[in-house]
**Student:** 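One structure, pasted below without further comment.
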Amino acid sequence: MSRTTSVTTLREPAELVAHGLAPAADLPDLERVAARYAVAVTPDMAALIDPRDPDDPIARQFIPSAEELTTQPSEDADPIGDHAHSPVAGIVHRYPDRVLLKLVHICAVYCRFCFRREMVGPGKATALSHAAYNGALDYIRAHPEVWEVILTGGDPLMLSPRRLTEVMADLAGIDHVRIIRIHTRVPVADPARVSREMVAALKVKGATTWLALHANHVRELTGQARAACADIIDAGIPMVSQSVLLRGVNDDAAALEALMRAFVECRIKPYYLHHGDLAPGTAHLRTTLAHGQQLMPAGLRRRYSGRPRQGAGRSELSVGCKFFFPGT
Ligand code: SF4
């Protein structure tokens, strides 16, 4: 396949074929995948894909595959059990001192392994209405033990800077909320979105902002992505990393080492490394727990010095730095 450059986000399988990012013969299957799971590949991510490489690690993350049509018996639409810990719409309260606030249901890109893939994407019923947003704020106000609010979704940086400023002010206006942590893929997937106004929106009086960057392969940390992260960190916002161990993307010690070193070069503290969750249609991207555990002592810790993290939640591996937060 040869590729043509995209200037807009690719959302339809036919567009992926037209840009040389998927074979025409796969189109009927890819249409079936796209009918169930959202597709979006930003120009920045599309430009990183080598269409001559059938195993390209960026393509594996964003280009849909017919393998997604197969669901394993062990897979679940809510693989980490958000629903059971959701007292009101938009809130997940799993640990006493922190809540997730799922503000938006859209992302710049849709990752083929996403553990919320049944809940994110255009047209999903998980968008937070104005009334539900106010209900979520009321819940946080009524729970003084909530010290940290984690904005997730969807991708919170899909909000406009103006709306994000309002949300940050609403949260910082709650006395017991001291930390606002934002999980995002935008600085790598669409770095131009990290404008001066967006960076300003991340800062708020009365609470400390942390930003967790989701990236899985060193190639995602392009010059533009690194500049976007530098703008955020230079504004005084500390960043940590969040990665998923993915078969054919980063499931070897050399790939992980390159990724972790790139994070450190960007002043981003390596922090989370998750096993793939049991999301539907993602078996082809998951590694075994045994392989992940073997990668840690045998590979990464020998290449990358640091301390293992204790008491991880979810299916996390430690990557050898000092860790502050328990899992979400
Ligand atoms: S950016 Fe995050 S929420 Fe959005 S599709 Fe990727 S993993 Fe899922």
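Both ligands and their constituent atoms are indexed starting at 1 by order of listing.
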**Student:** Would you say CZ of R267 has more than 12 non-hydrogen atoms from neighbouring residues, nucleotides or ligands within 6.0 angstrom?
**Tutor:** yes
**Student:** Just checking, R11 and Y37: is the charged tip under 6.0 Å from the six-membered ring centre and within 45° of the axis?
**Tutor:** no
**Student:** Regarding T282 and R286, is there a side-chain donor-to-acceptor distance under 3.5 Å anywhere?
**Tutor:** yes
**Student:** Return yes when atom CG of D234 has more than 12 non-hydrogen atoms of other residues, nucleotides or ligands closer than 6.0 Å, and no otherwise.
**Tutor:** yes
**Student:** Below 4.0 Å, non-hydrogen atoms only: which portion of H183 touches ligand 1? Side chain, backbone, both or neither.
**Tutor:** neither
**Student:** Can you tell me the protein heavy atom closest to atom 2 (Fe) of ligand 1 and the distance?
**Tutor:** H214 ND1, 4.1 Å
**Student:** For the residue pair H143 and H93, is the inter-centroid distance of their aromatic rings smaller than 6.0 Å?
**Tutor:** yes
**Student:** Measuring from atom 8 (Fe) of ligand 1, count protein N/O/S atoms under 2.8 Å, please.
**Tutor:** 1
**Student:** Going by distance alone, is a donor N or O of one side chain under 3.5 Å from an acceptor N or O of the other, for D44 and Q224?
**Tutor:** no
**Student:** Begin from the C-alpha positions of R181 and T152 and carry the test side-chain hydrogen bond (donor to acceptor under 3.5 Å, both in side chains) through to its verdict.
**Tutor:** CA-CA 9 Å; R181 186 181 356 152; T152 179; over 6 Å; no
